[in-house]
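To find a chain, count down the sequence lines: A is the first, B the second, and so on, and within it residues start at 1. Just so it is clear, the structure is predicted and the values come from calculations on it, not from any experiment.
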Amino acid sequence: MEETNISRDFIREIIDADIASGKHSEIVTRFPPEPNGYLHIGHAKSICTNFGIAAEFAGRCNLRFDDTNPVKEDIEYVEAIENDVKWLGFKWDTLHFASDYFDRMYMLAEQLISKGLAYVCDLSPEDTRAYRGTLTKPGRNSPFRNRSVEENLELFRRMKDGEFAEGSRTLRAKIDMTSPTMCLRDPHMYRILHKDHHRTGSKWCIYPMYDFAHCLEDSTEGITHSICTLEFEVNRPLYNWYLEKLDIFRSRQIEFARLNLSYTVLSKRFLRKLVEEGFVNGWDDPRMPTISGLRRRGVPAAAIRSFCSIIGLAKRNSTVDIALFEHSIREKLNKTAPRAMSVLNPVKLVIENYPEDRTEHFDYVVNPEDESAGTRATPFTKELYIERDDFMEDPPRKFFRMGPGREVRLRYAYLVTCTGVIKDEDGNITEIRCTYDPDTKGGNAPDGRRVKGTLHWVSAAHSFPAEVRLYDRLFNKENPMDNEDGVDFTSHLNPGSLSTVTNCMVEDHMKNNEPGYVCQFERKGYFSIDPDSTPEKMVFNRTITLRDSWKKLHGKKK
RNA sequence: UGGCGAAUCGUCCAAUGGCAGGACAUCGGUCUCUGGAUCCGAUAAUCGGGGUUCGACUCCCUGUUCGCCAGCCA
């Protein structure tokens, strides 16, 4: 892959050492999402890490759905997740579902019971909590802790056979109710859930808990390095306990800090709220930090990959400035996106001395950053559209664009001089008039005179109106979750995160492109064709603006 | 208040006892037929207090701050 890591992160160093010591000859990783929502850029960090490491060490990486809780999961998400991983540019070695291991897990649970290391507990959820103690007070043993192996085996089998009500019994590991590590206080291994599972149907009514299931999944697949996020750090002793007591392949869990990004939220729960309460138009709304949202917005997978590489990997909780992500997007698109001229806020420009019936074609450089992209012909006529913002009747200092009597360049075409404007009865400019200098064909004056401004344009006869959706950051607060004033994060939503502009004038040739196509509208930013597009009405998404030092100079215009 | 973990430019990541470096952001300049890109430069940091050492971001002690754990979620 194209990413280059400047320095080794702590995980790669651990793996280096494991290779050097001969502990492992092949590295196996996995990406293990729960199919209960859509993937976002935070998952991309994990995906790039797991698949990236496997590739770098010539190992393997599996995609595994951690579907141990039928209450929250759905097959709908499985397909979306597979799609997103593929789109990000990764291929898994093998595809697995935790539910495929339910038989094996059940068998291993019985083993633990037989070893006297697990028991069926009849405590209610409330009593379980009371017996657990608190962070500072040790727990007490469950009254069911000392049942015989035979009784436990019998009860566990009857749990599996559906003889008991939900919540009436659980299978617990017998560890230490006084441990300062909470998850070691006889953690639950199985709970009763009379719910159909999206893959196993009604076969099971008991389902394994994360801590018991995950280490077994890893071990079964021979995962050498089980990379997960920091909140599982406290679960690691339990992860190791199960593998040790069962005496099966020892996967090693390593935790890294999850991604936080400024001006957005990266938590399934809150993203779901945005979707379900209509703050955005679905999981793939181009303002969403979801993979599907970014894809629809026009962000290239390569930009996401390079972003994940550049932010590094560490154990420190941190928040990456979204400007760094925007930089990655621009950097990638600048090198790859074909250029086009489109006028977002059009005003007619009429060249008084240009023949009515003439059409000239100029060579247009498709991408100045990529010579192999070549050139194409772009049509030029007497009546054009230019950007309304590119004209001022009374221009301030340092305004290089068009104004009465000023000469500017029409990109790749001619130097033109403004001769006047036509206004309607309200004083709005409806048309700008100019003359062209026939000796400046191609955009350069033979006498060497220079103009400071170059404007983009489209031929009125060779362009069509389209809808353009302009996106901005989703929130106007750096950390939307910081609710020191007690307000909900949705009150920090940026009201200007989407503004729709209609009747933008786009070059005719753009009609030949499909949704997903990404290009640069010169001087305006990068734009992608939205799937909402129809042959009658094309819709473009602004992926990201160009850096704009003029706008910066003059503060926020508009 | 028990346990686990983390503290380095504004932000993210390096430096593993030997000149604190890179990227983004910001500011300035160069260049330009995109006020884009490019190129150059500047600003800017080791949480506090002790200790070990010729030498400490790094090791030790101590304090502080932040994160995680008391789901039959993952």
Undergrad: Kindly say if A:Lys524 contacts the phosphate of B:rG36, meaning a side-chain N or O under 4.0 Å from OP1 or OP2.
TA: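 No, because none of the side-chain N or O atoms of A:Lys524 sits under 4.0 Å from OP1 or OP2 of B:rG36.
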Undergrad: Round to a whole Å and report the spacing from CD of A:Glu231 to C1' of B:rA70.
TA: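 Taking CD of A:Glu231 and C1' of B:rA70, I get 17 Å after rounding.
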Undergrad: Can you find an N or O donor on one side and an acceptor on the other, under 3.5 Å apart, linking the side chain of A:Glu369 with the base of B:rU38?
TA: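 Between B:rU38 and A:Glu369, which were checked side chain against base, a qualifying N/O pair under 3.5 Å is absent.
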Undergrad: Report all interatomic pairs (protein N or O, nucleotide N or O of nucleotides 7-10 of chain B) with separations under 3.5 Å.
TA:
residue: B:rU8; atom: OP1; partner: A:Arg316; partner atom: NH2; Å: 3.1
residue: B:rU8; atom: OP2; partner: A:Arg316; partner atom: NE; Å: 2.6
residue: B:rU8; atom: OP2; partner: A:Arg316; partner atom: NH1; Å: 2.6
residue: B:rU8; atom: OP2; partner: A:Arg316; partner atom: NH2; Å: 2.9

Undergrad: Distance under 6.0 Å and angle within 45° of the ring axis: does A:Lys268 meet both against A:Tyr38?
TA: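 Verdict for A:Tyr38: no cation-pi partner in A:Lys268.
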Undergrad: In Å and rounded to the nearest 0.5 Å, what is the OH to NE2 distance from A:Tyr207 to A:His194?
TA: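 Going from the OH atom of A:Tyr207 to the NE2 atom of A:His194 covers 10.0 Å.
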Undergrad: Quick one: A:Arg172 CZ to B:rA70 P, roughly how many Å, whole number?
TA: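 Roughly 14 Å, once rounded to whole Å.
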Undergrad: Could you tell me whether A:Arg542 sits above the aromatic face of A:Tyr471, with NZ or CZ closer than 6.0 angstrom to the six-membered ring centre and within 45 degrees of the axis?
TA: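 No, a cation-pi geometry is absent between A:Arg542 and A:Tyr471.
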Undergrad: Between B:rU11 and A:Ser318, is there an OP1 or OP2 to side-chain N/O distance shorter than 4.0 Å?
TA: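 No, because none of the side-chain N or O atoms of A:Ser318 sits under 4.0 Å from OP1 or OP2 of B:rU11.
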Undergrad: What about A:Arg330, does its side chain sit under 3.5 Å from the base of B:rG36 through a donor-acceptor pair?
TA: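 It does not, because no donor-acceptor pair links the side chain of A:Arg330 to the base of B:rG36 below 3.5 Å.
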Undergrad: 5'-most contact on RNA chain B: A:Arg339 or A:Phe325, nearest heavy atom basis?
TA: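 Whichever sits nearer the 5' end wins; that is A:Phe325.
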Undergrad: Looking at A:Arg191, I'd like to know whether one of its side-chain N or O atoms comes within less than 4.0 Å of OP1 or OP2 on B:rC73.
TA: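 Checking A:Arg191 against B:rC73: at least one side-chain N or O falls below 4.0 Å of OP1 or OP2.
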Undergrad: Answer yes or no as to whether B:rG35 has its base stacked against A:Trp550, where stacking requires a ring-centre separation under 5.5 angstrom and planes under 30 degrees apart.
TA: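 Yes; by the centre-distance and plane-angle rule, A:Trp550 counts as stacking on B:rG35.
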Undergrad: Does NZ or CZ of A:Arg172 come closer than 6.0 Å to the centre of the six-membered ring of A:Tyr119, within 45° of the ring's axis?
TA: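 No, A:Arg172 does not sit over the ring of A:Tyr119.
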Undergrad: Please confirm whether the shortest side-chain N or O distance from A:Arg401 to OP1 or OP2 of B:rG35 is below 4.0 Å.
TA: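 For A:Arg401, the contact criterion (side-chain N or O under 4.0 Å from OP1 or OP2 of B:rG35) is not met.
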Undergrad: Hey, is the side chain of A:Thr454 poking within less than 4.0 Å of OP1 or OP2 on B:rG35, counting only N and O atoms?
TA: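 Negative; the distance criterion is not met.
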Undergrad: I need the CD-C1' distance between A:Glu126 and B:rG71, as an integer number of Å.
TA: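 It works out to 12 Å between those atoms.
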Undergrad: Write out the stems for RNA chain B, ordered by first number and formatted as range with range, counting runs of at least 3 consecutive Watson-Crick or G-U wobble pairs under 3.5 Å.
TA: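 Stem segments, range with range: B:2-7 with B:64-69, B:10-13 with B:21-24, B:26-29 with B:39-42, B:47-51 with B:59-63.
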